[in-house]
There are 2 protein chains.
Amino acid sequence: MQLDKIVSYHKALADPTRIKILIILAEGERNGQVLAEKLHVTPATITHHATKLREASLINERRDKNTIYFLLNDYFIHNNATAIVELIYRNVGNKKEVDAMEETHKKLQESVINNFFTAEGKLKQIPAQLKKKLIVLEHLVSQLEEGRKYTEKEINHFIKPVHEDFATIRREFIMHQFMYRENEIYELNPRELWARWETL
Amino acid sequence: MQLDKIVSYHKALADPTRIKILIILAEGERNGQVLAEKLHVTPATITHHATKLREASLINERRDKNTIYFLLNDYFIHNNATAIVELIYRNVGNKKEVDAMEETHKKLQESVINNFFTAEGKLKQIPAQLKKKLIVLEHLVSQLEEGRKYTEKEINHFIKPVHEDFATIRREFIMHQFMYRENEIYELNPRELWARWETL
DNA sequence: TATGTAATTTAACAAGTATCTAATTAGAAG
DNA sequence: CTTCTAATTAGATACTTGTTAAATTACATA
């Protein structure tokens, strides 16, 4: 990762109003007006901050009629946070540690898939631990076609044979940025947005 | 952690010159003049940036005659990086995850101490993996007295019965901020500086 | 005591930023 | 076409910040 990308990430988080926006968005998507009211600032100020957060890839947005809803980009928040550490120590420590980390993740991945899925591919239960939940979601989502647009009904039909609570899983797909929804149409997010979660 | 502490941490990293300073310091301690020359700025500028980095607890310093050497505060760099993530998601996920993480760490701690030390308390070898190495170092350092000043000789005599390569271990104590050295006198850093590495 | 070196402080300036008000655009719905 | 709502843009203001040159402090040593 480049220096100025890291700088702009930290600039984006170097303001209390913007951090408060992110905290509110962690509860769920919100539109500009609501944010403005909650934070006691004008909508213009929200637009200003949203621009900075968007430039740092910390939020995405979704338009519904003439309201724009902002939502967290979980992936970048997690990844950029540790990117600074990697940048500073890149030339110092030994590479083995990173390799070992990836190795560990692969093993975890295997064991999670073995333990949470039946031989027939049914999901026994949704893991409570975030890391494991993400492995399960990634496993499911990787069975969808990249670039294809799905209706909500199609998504439900895809999840149903795997787990009865399709609504929860469909919501998790969106929350964790595996999928993107626009006007009731679902589409896979680019792989780079959700692959490499092992750095979490 | 408070909001403004997080903000000042990110402000500290929201400048390319300061990040470059940290990258240079990752190679080892440097004084102001050297940093100024390497970065093509005046010593006054270095003083300015050093103040900000110090306020965010990202660096420490050590005086030798009238030269001040800056050194990284590894602990804070690692910890603050992920603090923002915790702050944002604090009220969302379930607390169990954090508890589970601490549980996992305690188990790892036990197994590392059992595997790397003999029954007599000798260190078989220095772990290559950072996380494990830190557990070993913490285990050793916790046997020293808080507040007491040690000569280098005393430190060596303390380490010798545990592991023959006392020089390496002594250096690691400093590198990872377990101890602080001033004019050949060693002293334990405050516990909060090196406890809770499990969030790494 | 005088001299030299490293760091800090001060004052100044240019650039950047957070916020607001007021004007404008984009879209929806009567 | 008109009206309403949500968001953005433009312009203004006050505050903050990165940098420098010059003066000052702190310490060491000859």
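Convention: sequence-line order gives letters A, B, ...; per-chain numbering from 1. Since the structure is predicted, the reported quantities are computational estimates derived from the model, not experimental observations.
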Partner residues of A/Lys124 under the side-chain contact (heavy atoms from CB on, under 4.5 Å) criterion, sequence neighbours left out
A/Thr118

Tell me, for nucleotides 13-26 of chain C in 5' to 3' order, what letter each nucleotide earns: B for a base near a protein heavy atom under 4.0 Å, S for only sugar-phosphate near one, - for neither?
----SBBSB-----

Just jot down the side-chain contact (heavy atoms from CB on, under 4.5 Å) partners of B/Asn156, sequence neighbours excluded, or say none.
B/Glu152, B/Phe166, B/Arg170

What residues, two or more places apart in sequence or in another chain, satisfy side-chain contact (heavy atoms from CB on, under 4.5 Å) together with B/Ser8?
none

Please identify each residue that fulfils side-chain hydrogen bond (donor to acceptor under 3.5 Å, both in side chains) with A/Thr17, with sequence neighbours left out.
none

B/Ile46 atom CD1 is separated from D/dA21 atom P, nearest whole Å, by 14 Å

Does anything in residues 10-23 of chain B pair up under salt bridge (charged side-chain N to carboxylate O under 4.0 Å, His left out), and if so which pairs, sequence neighbours excluded?
none

Interatomic distance where CG belongs to B/Asn31 and P belongs to C/dT8 [whole Å]
11 Å

Axis-to-axis angle between the two ends of the helix from C/dT1-D/dA30 to C/dG30-D/dC1 (five base pairs per end, rounded to 10 degrees):
10°

Rounding to a whole Å, what distance do you find between B/Glu37:CD and D/dT20:P?
14 Å

B/Arg62 CZ to C/dA6 P: how many Å, rounded?
15 Å

Under 4.0 Å, heavy atoms only, any strand: does A/Thr47 hit a base, just the sugar-phosphate, or nothing?
base

With a cut-off of 6.0 Å (strictly less than), are more than 12 heavy atoms of other residues, nucleotides or ligands near CD of A/Glu154?
yes

Ignoring backbone atoms, test whether B/Gln33 places a side-chain nitrogen or oxygen under 4.0 Å from the OP1 or OP2 oxygen of C/dA7.
yes

So, using side-chain hydrogen bond (donor to acceptor under 3.5 Å, both in side chains) as the criterion, who are the partners of B/Asn66 when residues are at least two apart?
none

For the side chain of B/Thr67 and the backbone of B/Arg63, is there at least one donor-acceptor N/O pair under 3.5 Å apart?
no

d(CD, B/Glu55; P, D/dG18) in whole Å:
11 Å

Rounded to whole angstrom units, what separation is found between the NE2 atom of A/His10 and the C1' atom of D/dG18?
18 Å

Once side-chain contact (heavy atoms from CB on, under 4.5 Å) is applied, do any residues pair with B/His139, and if so which ones, sequence neighbours excluded?
B/Ile113, B/Phe117, B/Gln143

